[in-house]
Every structure is written in C-alpha cells, then in structure tokens.
Novice: 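This is the structure I want to talk about, given as structure tokens.
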Amino acid sequence: MKVIVLGAGIIGISTAWHLLGRGHSVTVVDRQADAAMETSFANAGQISVSYCEPWAHKGAPAKLLKWMFHNDAPLLFRPRFDWQQWRWGLKFLAQCNDAAFARNVEQIIALGAYSHAALNDVVLSTGIEFDRLERGIAHYFTDAKSLDGAAQAAALMQRYGVERRVVGRDELLAIEPALRSFGDRIVGGTYTASDESGDARLFTQALARRCAARGARMLFGRSVQRLNLAGGAVESVDIGGGSARDSAQNDLTLRADAVVVACGAYSAPLLRTVGVDLPIYPGKGYSATFALRRPEGAPWVSTIDDTVKCAMTRLGDRLRVAGTVELNGYDHALDTALARRRCRMLAERIETVLPGVCDTRSEDEGGQPNFWTGLRPATPTNIPYIGHTRVGKLWVNAGHGTLGWTHGAGSGKAMAELISGNVAPIEGFDCRGG
C-alpha cells in the first residue's frame, strides 16, 4: 500500500518506520525542516511506563480551581472564548472519578508496556544512540501526606504489573546520591527500576534518517493545505510550501491508499475539516535545558519533583528539567510574563534541589539557558486515538499528551499493524480512531 503520514514527530516517524517494515510505500510530510522539531523536540526525556497517571482524578477539580490563580501552577487552566476548550473541560470533568481513573490507568499502562518493548526492538535493530539511561525513574516527596497518596498510586500500578515501589528517604538517596544536598527535605518516594530516559529528538531524527534510507519519501518544510474527499474517503492531500526555485518543492497533490494524521495537537483542527471531531486540546508544556557545571553532582536517575511537578533528566552533558501544563489554546510564546515566570520557576527549582550543578544563569547574567515550549496533544482521558476514522482511508495516531515519547514506538507499531489488516496485540488497550 501507499501511505501518507502527516507529521514527523515521534509518533509519525515511528508509524512510518513500522509501515516500511511491513512492506508499504511511505511518504512523510512535515512543515518543519527536520523531524522532531515541535512537541518531540525538548520534552522531559522520560520513558515512563509506570509514571503515567491520567490528569483526571477525583481530586483534580479542586486542584485546578486553586491553581487557576497561580501562574506557576503545575496544571493551569486559562478560560478562553473557545468552545473546544470548554467541551474538552467538560469531558475531562466527567473522567474525574475513581472508576474512570482506574480504567484509564489500565489502558495507558497496557500501551506503555507494549511501546517499551517496541522501542527496545527498534534500538536493537538499528543501534540508534540517544543519550539513553536505563537507570529507572524516581519520584520524591517533601510532605508525608503526598507520600501516602503515592503509596496508594503505587499499589494501583502494581495491580497492573508495574513494579513501582515505595522507598524511604535513605534508600532513595542511595538510589540517587545527587539528591543528598536536598535530602533533609525529602520524606521518601517511589522508584521503578524498569523505566528509563533519553533524548526523544535525537532518537526521532535518527529514525527518520533510517526511514529515508529504507525508501521513504521525506517532505520536510511542507504544510498540509487540504484533505480532499470523494465518495466518503480521502482522495488526495494538498501539500504546500517549499522553495519556488526547486520544482520538486512546488505545491503537490498526493494520493495514497491510506493517510495517517499524526500532527500532534494540530491533528484535531485538521480532522475537523473533514468532519472528524476528536476532543484533542493543546497543553502548553515547558522545559529548560542547562549545561552541567559539575557533572559529578548531576543525577543519573531521572527524577520527578512532586512539589512543582517537574521532571529532571540527564542527557549527556546537559540536564533537562520539564514540567507544567497550560491549557491556553495554540500559544507557543516564550516572551510573555506568564511564560517567563514558568521558565524561571524551572531554573529556580534546579538551583534549590541541585545547587550549583547546572549553569542556570540568564542571558543577562552571561548564561545560555535553552528554554522551550511545545503543545502536548491531550485527550480528556489521556488515552490517545489510534485507529481508523469514519472517513474512508483516513487514520489517526494522536492525543498522547505528555506520554508521546513513552508511547511513540508502540503507537507507531500498532498503527502499522492496523493499516496492514492485523489486530494490534495490545492487551487491555482499545485501539480506536474517530
């Protein structure tokens, strides 16, 4: 079959790779100059099968209400005159109960385990290097009440085969000695040895090059102008952009046997143009990447700071700290007062937990911090859409929220299986489109 994959993030490139492996002809389209230049560019770096709780739980509404008045809140809802935001919010509230939480956790874990195995297979077959650290993930707490809640969450995860265990402060500091300077404030934590970390951008770009070497047509710097329908199915895709000086880069009309929409948060507005209306809304996430001043003091285990809900991950000679989500539309700005405050919070937290380990100086102070923001394509359940839509020949692989890196390899493999006419073998996960 001829397949067009729209989007070259971790989801789109993984889809392309697995389609090629099943003998399909693949064209990848992305508006950026290379793969992984948007949501997959600078995420937290965690491959966190076991740290995957949905945002929606019974305590979420009260927290969201309180956090609305704090610019550095972990999850900030900013009401807009936007029907899609409010519709998403209502569906989110409907998931804020114990039964929905348990159901959603089960599906997210199932996809995560399947995806982790798929990632290992890709790495084994390709030899891709991406600053990988197979040291697990630790989550530390500074108050006893939160730690008690973490114990309950760990017990739930263990029901689904995830070995997340509660550890005391001394054991946590033995697992990650870099936290000792902050240790007097830590009351304990949880740890999962089977999780890992690495640079999603490095991995995705390397896999994209291997897709090209396998024969995929990579159309970078090209935008999707229109999905054209005929007889209830996608007939063609109009592609624009590129350089007028190169005839190969002029506007194109592409035809294929299947079209996969894997455009992250931009999947929803594109799909609505052909009557497929999925509740995928952008969550603006932030990260900061700092050069290491004292590599010997930097953590090797990827960690989660419960107080500000941020992740800290070592990527070679850099430290990535990422966190906070802002439900505020399709806003990429880093130069607003709100964005600057949220970036500053990440830098300040690093200095609090790992003082002097990173160069967190601002540019005005002579530093070179790399702040970034990207839109996480969130569904109310945090479960992505992977499957066929009601429009013929049109498929979707989107809605992974903050778990795109964790679920990328498996989502691509599942998509390729479905397009090939097979059943995606993900026990406990309901593959669906829209």
Novice: Do Gln84 and Arg272 have side-chain atoms, one donor and one acceptor, less than 3.5 Å apart?
Specialist: yes
Novice: Does the side chain of Leu172 come within less than 4.5 Å of His139's, by heavy atoms?
Specialist: no
Novice: In chain order, what residues pass the ring pair (Phe, Tyr, Trp, His ring centres under 6.0 Å) check against Phe290, with sequence neighbours excluded?
Specialist: none
Novice: Test: ring-ring contact (aromatic ring centres under 6.0 Å, His included). Region: residues 302-334. Which pairs qualify, not counting sequence neighbours?
Specialist: Tyr266-Tyr330
Novice: I need the Met312 CE to Leu179 CG distance, nearest 0.5 Å.
Specialist: 8.0 Å
Novice: Between Ser302 and Gln46, do the side chains contain an N or O donor and an N or O acceptor separated by less than 3.5 Å?
Specialist: yes
Novice: Check this for me: does any side-chain nitrogen of one of Arg132 and Glu196 sit under 4.0 Å from a carboxylate oxygen of the other?
Specialist: yes
Novice: Going by the rule side-chain contact (heavy atoms from CB on, under 4.5 Å), which residues pair with Ala409 if we only count those two or more places apart in sequence or in a different chain?
Specialist: Ser115, Ala118, Leu119
Novice: Looking at Arg31 and Glu38, is there a salt bridge between them, counting it only when a charged N and a carboxylate O are closer than 4.0 Å?
Specialist: yes
Novice: Side chains of Asp195 and Ser50: any donor to acceptor distance under 3.5 Å?
Specialist: yes
Novice: Looking only at side-chain N and O atoms, does Thr381 offer a donor or acceptor that is under 3.5 Å from a partner on Gln95?
Specialist: no
Novice: Given 3.5 Å as the limit, does a donor-acceptor pair link the side chain of Ser420 with the main chain of Asn422, or not?
Specialist: no
Novice: Can you list everything that forms a ring pair (Phe, Tyr, Trp, His ring centres under 6.0 Å) with Trp395? Sequence neighbours excluded, please.
Specialist: His388
Novice: Within the 3.5 Å criterion, strictly below it, is a donor on Thr307 or Thr142 matched to an acceptor on the partner's side chain?
Specialist: yes
Novice: Which residues pass the ring pair (Phe, Tyr, Trp, His ring centres under 6.0 Å) test with His57, sequence neighbours left out?
Specialist: none
Novice: Applying side-chain contact (heavy atoms from CB on, under 4.5 Å), can you list everything that pairs with Thr39, at least two apart in sequence or on another chain?
Specialist: Arg376, Pro377
Novice: Any ion pair linking Glu417 and Arg22 (charged N to carboxylate O, less than 4.0 Å)?
Specialist: yes
Novice: Under the side-chain contact (heavy atoms from CB on, under 4.5 Å) rule, collect the residues that match up with Thr289, sequence neighbours excluded.
Specialist: Arg318, Arg320, Asn370
Novice: Report yes if some heavy atom in the side chain of Val28 is under 4.5 Å from a heavy atom in the side chain of Arg217; otherwise report no.
Specialist: no
Novice: Find out whether Leu64 and Leu76 are in side-chain contact, i.e. whether some heavy atom of one side chain is under 4.5 Å from a heavy atom of the other.
Specialist: no
Novice: Not counting sequence neighbours, list each pair that qualifies as a ring-ring contact (aromatic ring centres under 6.0 Å, His included) and has a residue in residues 185-206.
Specialist: Phe130-Phe203, Phe203-Trp405
Novice: Hydrogens and angles aside, do Tyr140 and Asp305 bring a side-chain donor and acceptor to less than 3.5 Å of each other?
Specialist: yes
Novice: With side chains defined as the heavy atoms from C-beta onward, is the minimum distance between Arg344 and Arg341 less than 4.5 Å?
Specialist: yes
Novice: Can you find a pair of side-chain heavy atoms, one from Leu334 and one from Cys343, that are under 4.5 Å apart?
Specialist: yes
Novice: Would you please name every residue forming a ring pair (Phe, Tyr, Trp, His ring centres under 6.0 Å) with Phe77, sequence neighbours left out?
Specialist: Trp86
Novice: Under the side chain to side chain donor-acceptor pair (under 3.5 Å) rule, collect the residues that match up with Asp430, sequence neighbours excluded.
Specialist: none
Novice: Of all residues at least two apart in sequence or in a different chain, which pass the side-chain contact (heavy atoms from CB on, under 4.5 Å) check with Asp148?
Specialist: none
Novice: Donor-acceptor pair, distance only, cut-off 3.5 Å: does the side chain of Arg314 make one with the backbone of Val301?
Specialist: no
Novice: Are any non-hydrogen side-chain atoms of Val260 and Val396 less than 4.5 angstrom apart?
Specialist: no
Novice: Can you find a heavy atom in the side chain of Ile108 that is under 4.5 Å from one in the side chain of Phe429?
Specialist: no
Novice: Quick one: are Met157 and Glu163 in side-chain contact, heavy atoms under 4.5 Å?
Specialist: no
Novice: Assess, by modelled atom type and distance only, whether the side chains of Arg103 and Gln107 contain a donor and an acceptor separated by less than 3.5 Å.
Specialist: no
Novice: Taking the basic N atoms (NZ, or NE/NH1/NH2) and the acidic carboxylate oxygens, is any pair closer than 4.0 Å for Asp257 and Lys2?
Specialist: no
Novice: Among residues two or more places apart or on two chains, list those pairs meeting side-chain hydrogen bond (donor to acceptor under 3.5 Å, both in side chains) that have a residue in residues 7-21.
Specialist: Thr15-Asn397
